[in-house]
Amino acid sequence: MSFPPSTPRPTGDTPVDKSMAGAREMAVEFSGRDIPFGCETDVLAQFGRLNQETDRIRYGMLPALARMEATGALLEEGGQRSIQAWITHQWGTTPAEANNLATLARALYKQQLPLVEEAFQSKALSLGEACAIATSTEKATAEWTRVWEKGDEEFRAQRPSVEGFRARLEYGLIAYKKERPQVSVRQLRDATKWFVARLDPEKADRDYDETFEKRGAQFSPTFESGFLLRMWGPGADNELIQAALKAYTEPYGPDNAAIPKHQRVYDAMMRIFETALGHRECAKAPQALATLNITVPLKRFLGDVTAEPATTEDGVVIPDQMVARLTPNSWLRRFLTDAQGRTLLDVGRKQRCAPDPVRQAAGFKKPYCEWHQGCDMPRSWSQYDHIVPFSHGGATSAANMQILCATHNRLKHRLQTKMNRKIWEHHHTQNRQETGKDSGSGDGEGEPAPATAP
């Protein structure tokens, strides 16, 4: 297909092209250098700043793309009807990434997310985080619009409007990010579910009912005399299933090192079935082996739907009807918090291994590994670490415990060991220098101090 010639297009020698070419050459040259020993931290910081500047360039293009989409110029001049299609073909991204950028572009063009704009310009948000807030807010607002339109006048009088819902959700997510700068895109998306549960208290139960109606399990025989099992249902029920499987799954160790995780999960499921068959005639069921910790604010437990929702230790929102169903067969533990509901009373102990009350207090409202540079490892897969080491006098208390995954727990120990060695070498060098000055000859020359580690 050919078209008659039109106005000549830029050939890549515009001032913008020349500036970008110069910046690219400097960045590529810097990245290709050999990294001197001990300079890795500075190099990583420079890489982060380079990526941040690249994000700012792409961010600045988005409102213009949305404006051209609205006026039709994107189709006439760019040959694509939507921003997603244009970004996919011109920038070479995946459709999912293009959709996220397009959602952010339209929100910026319509000025629907002023706090996101402010936070990005102040470098409190990355491009990926801005996209996560935009897409999460758009999806939640679209669902709230349907709920709002179905509600009567009394319902609307007690609930925020569509724009009020969007503004409150945006405010909550920006505040969450500013309070915890290390949170990732995944954690922002998970936080959206919690904020939506506060703004729309019936959502968790509404979603549970909808997915429960579509629940199912299907066994399909295979040609090799095996079978396939498929299950689908509410996400809250998945928490129960995972807790039961975890209780019956053999932990990884020398005896089963060659057995993959999915096979150990299969073995756990068979143990559950065998236990159920073995106790089907029992008048009293055996003591539960699986534990699922759910935190329920007292007001919510007593029926106040405006209170914070019930959540698992990994931050999964649990619907009220499931809490009511589980309560009669559960152990209840009381936690006392401050007025804001953020800090638990200290329930410290003198032993090194933290008992369950201390672990629950230390992990209160902390669903992920607390590594200061960010980590997405869930709390249920992490470990409880003494902030001040127990061997250095640190107490086994909620105030001195933090959640770290296995990787970052070991890394913290290595870094502390390295730091202690550097401190020792520093003081050792000073002592040698002072000793050399005191015992040296009159010309001031003493025994040379040993070289310190960089």
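One-based numbering along the sequence shown. Everything numeric here is computed off the predicted structure, so don't read it as measured data.
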Just checking, any donor-acceptor pair under 3.5 angstrom between side chains of Arg49 and Gln46?
-> yes

Just checking, any donor-acceptor pair under 3.5 angstrom between side chains of Ser126 and Asp55?
-> no

What residues form a side chain to side chain contact (heavy atoms under 4.5 Å, CB included) with Pro367, not counting sequence neighbours?
-> none

More than 12 heavy atoms from other groups under 6.0 Å of CD on Glu40 = yes

Between Leu229 and Met231 the two heavy atoms that sit nearest each other are CD1-CG, 4.0 Å

Is the count of non-hydrogen atoms from other residues, nucleotides or ligands lying under 6.0 Å from Gln158 atom CD greater than 12?
-> yes

Can you list every ring-ring contact (aromatic ring centres under 6.0 Å, His included) pair that touches residues 189-212, not counting sequence neighbours?
-> Tyr208-Phe212

Here the pair of heavy atoms bringing Ala105 nearest to Leu62 is CB-O, 3.4 Å

Is a salt bridge present between Arg81 and Glu69, judged by a nitrogen-to-oxygen distance below 4.0 Å?
-> no

Which pairs count as salt bridge (charged side-chain N to carboxylate O under 4.0 Å, His left out) when at least one residue sits in residues 219-248, sequence neighbours excluded?
-> Asp237-Arg325

Pairs in or reaching into residues 107-135: which pass ring-ring contact (aromatic ring centres under 6.0 Å, His included), with residues at least two apart or in two chains?
-> Tyr59-Phe120

Please identify each residue that fulfils side chain to side chain contact (heavy atoms under 4.5 Å, CB included) with Ala268, with sequence neighbours left out.
-> Leu245, Tyr248, Thr249, Arg271

Looking only at side chains, do Asp304 and Thr306 share a donor and an acceptor under 3.5 Å apart?
-> yes

Please assess Glu97 against Arg58 for the test salt bridge (Lys or Arg N to Asp or Glu O under 4.0 Å), listing each intermediate value before the final yes or no.
-> CA-CA 13 Å; Glu97 183 180 358; Arg58 300 179 73 187; 3.6 Å; yes

Is there a donor in the side chain of Arg166 and an acceptor in the side chain of Tyr171, or the other way round, less than 3.5 Å apart?
-> no

With sequence neighbours left out, write down each residue that passes side chain to side chain contact (heavy atoms under 4.5 Å, CB included) with Arg180, or none if nothing qualifies.
-> Tyr176, Gln182, Val183

Show your reasoning for whether side chain to side chain contact (heavy atoms under 4.5 Å, CB included) applies to Ile133 and Thr192.
-> CA-CA 8 Å; Ile133 294 177; Thr192 302; over 6 Å; no

